[in-house]
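Note that these values count all heavy atoms, side chains included, but never hydrogens, waters or copies made by symmetry. We name chains A, B, ... by the order of the sequence lines, and we start the count at 1 in each one.
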Amino acid sequence: MVRGLRPHVVGKEILSVQVRDPKLAPIVPTLALPATVASLSRRGKHILFDLGDRTLVLHLRMSGRLAWGTREPTGKVRLSLRFPDGGAHLVDPRRLGTTAVVERFVDELGPEPFGDLAWLPAALARSRMPVKLWLMDQKKIAGIGNIYAAEILFRAGIAPTRPAGSLSRKEVARLEDAIPSVLERAIAAGGTTLADGLYRGPTGENGEFRYELSVYGREGEPCPRCGARIERSLLGGRGTYSCPRCQS
DNA sequence: TCATCCCTGTGG
DNA sequence: CCACAGGGATGA
């Protein structure tokens, strides 16, 4: 989403801000204009508009997306940033998304899930959490959500309930491979637009990773690897999909 | 480590 | 009507 939005907003001045959700109103006084976007980046699931002397931080949570266009998108627009060439609109039907303006963005997020993951074995070993919850714990490792946690564990052949600290050296190695593999593949596919079409790219395009999902949302369907029925369970209150034969 | 809450919408 | 949904903060 950041990659798609970046060319439209970096170096551009925010001409006006419209807030259409009272929950988001507090940012208006702090987002004093004029302001120019020096850079657009991401840390974990946070989207960071660097405005030089402050940073606008967006988190889309469950149902949010950022839509770019010259016209207002259809849907529940909660916040609009108008630029010379168009607008960046926060569409968020469930209103769970959050915004903040800070002088300096500080976080308690774990390392990014890319690059050298040599720190992973020791970090996993310290925890008895179910490995799926560990992967989704943003303080442990940043950026992995429910869909990709399921897909990562399938690829690694590890059951979601396994305590993080119980993984063998081999299993950790498979995880080390699966984490960036799945995420990079999903990003290349433009993300995961499910049947409801809630998530879409900044200009409305569908993310095609949906067609590459192995287990997420596929309860009762045959495992693409072994044919066994995909199971759905509840873990940490979240729907959890796995293959009972391939993951142990 | 859990249940609960925040919100709204959709589908069974 | 109830269950559930790409997330996370909070309090028990």
(message) The criterion is side chain to side chain contact (heavy atoms under 4.5 Å, CB included); which residues satisfy it with Thr99(A), sequence neighbours excluded?
(response) Leu24(A), Ile27(A), Leu58(A), Leu79(A), Leu90(A)
(message) Counting primed atoms plus P, OP1 and OP2 as sugar-phosphate and everything else as base, spell out the protein contacts along nucleotides 3-8 of chain C at 4.0 Å heavy-atom distance: B, S or - for each nucleotide, 5' to 3'.
(response) -SBBBS
(message) Test your reading of the model: is there a side-chain donor-acceptor pair from Glu151(A) to the backbone of Ser214(A), 3.5 Å cut-off?
(response) yes
(request) Identify, with sequence neighbours excluded, every residue that meets side chain to side chain contact (heavy atoms under 4.5 Å, CB included) alongside Glu221(A). (result) Arg218(A)
(request) Sequence neighbours left out, what passes side chain to side chain contact (heavy atoms under 4.5 Å, CB included) with Leu96(A)? Give chain and number order. (result) Arg61(A), Met62(A), Arg94(A)
(request) List in chain and number order the residues that pass side chain to side chain contact (heavy atoms under 4.5 Å, CB included) with Pro113(A), two or more places apart in sequence or in another chain; answer none if no residue qualifies. (result) Ile141(A), Ile144(A), Ile179(A), Leu183(A)
(message) Taking the nucleotide of DNA chain B with the nearest heavy atom to each, does Lys23(A) or Met129(A) sit closer to the 5' end?
(response) Met129(A)
(request) Considering only atom C1', compute the distance from dG6(C) to dC2(B) and round it to an integer number of Å. (result) 22 Å
(request) Kindly state each residue pair satisfying ring-ring contact (aromatic ring centres under 6.0 Å, His included) with at least one member in residues 119-142 of chain A, sequence neighbours excluded. (result) none
(request) Hey, could you give me each pair passing salt bridge (charged side-chain N to carboxylate O under 4.0 Å, His left out) that has a residue in residues 37-52 of chain A? Not counting sequence neighbours. (result) Arg42(A)-Glu112(A), Arg43(A)-Asp107(A), Arg43(A)-Glu112(A)
(message) Using the P atom as the point on both nucleotides, what is the distance between dT1(B) and dA5(C), in whole Å?
(response) 22 Å
(message) Need to verify one output field. Residue with the more 5' nearest nucleotide on DNA chain B, Gly236(A) or Lys76(A)?
(response) Gly236(A)
(message) Going 5' to 3' along DNA chain B, which are the first and last nucleotides with any atom under 4.0 Å from a heavy atom of chain A?
(response) dT1(B) to dG9(B)
(request) For dC7(B) and dG11(C), measure between their P atoms and round to the nearest Å. (result) 15 Å
(request) Please work out whether dG8(C) sits syn or anti, treating a glycosidic angle within 90° of 0 as syn. (result) anti
(message) For Arg3(A), give me all partners under side chain to side chain donor-acceptor pair (under 3.5 Å), at least two apart in sequence or on another chain.
(response) none
(request) Please list all pairs passing the ring-ring contact (aromatic ring centres under 6.0 Å, His included) test where one or both residues lie in residues 11-53 of chain A, with sequence neighbours left out. (result) His46(A)-His59(A), His46(A)-Phe105(A)
(request) Tell me the stems DNA chain B sits in, counting at least three consecutive Watson-Crick or G-U wobble pairs, each under 3.5 Å on both distances. (result) B:1-6 with C:7-12, B:8-12 with C:1-5
(message) Does anything in residues 180-231 of chain A form a ring-ring contact (aromatic ring centres under 6.0 Å, His included)? List the pairs, not counting sequence neighbours.
(response) Tyr148(A)-Phe209(A), Tyr216(A)-Tyr241(A)
(request) Determine yes or no for a side-chain-to-main-chain donor-acceptor pair under 3.5 angstrom, with Thr240(A) supplying the side chain and Arg238(A) the backbone. (result) yes
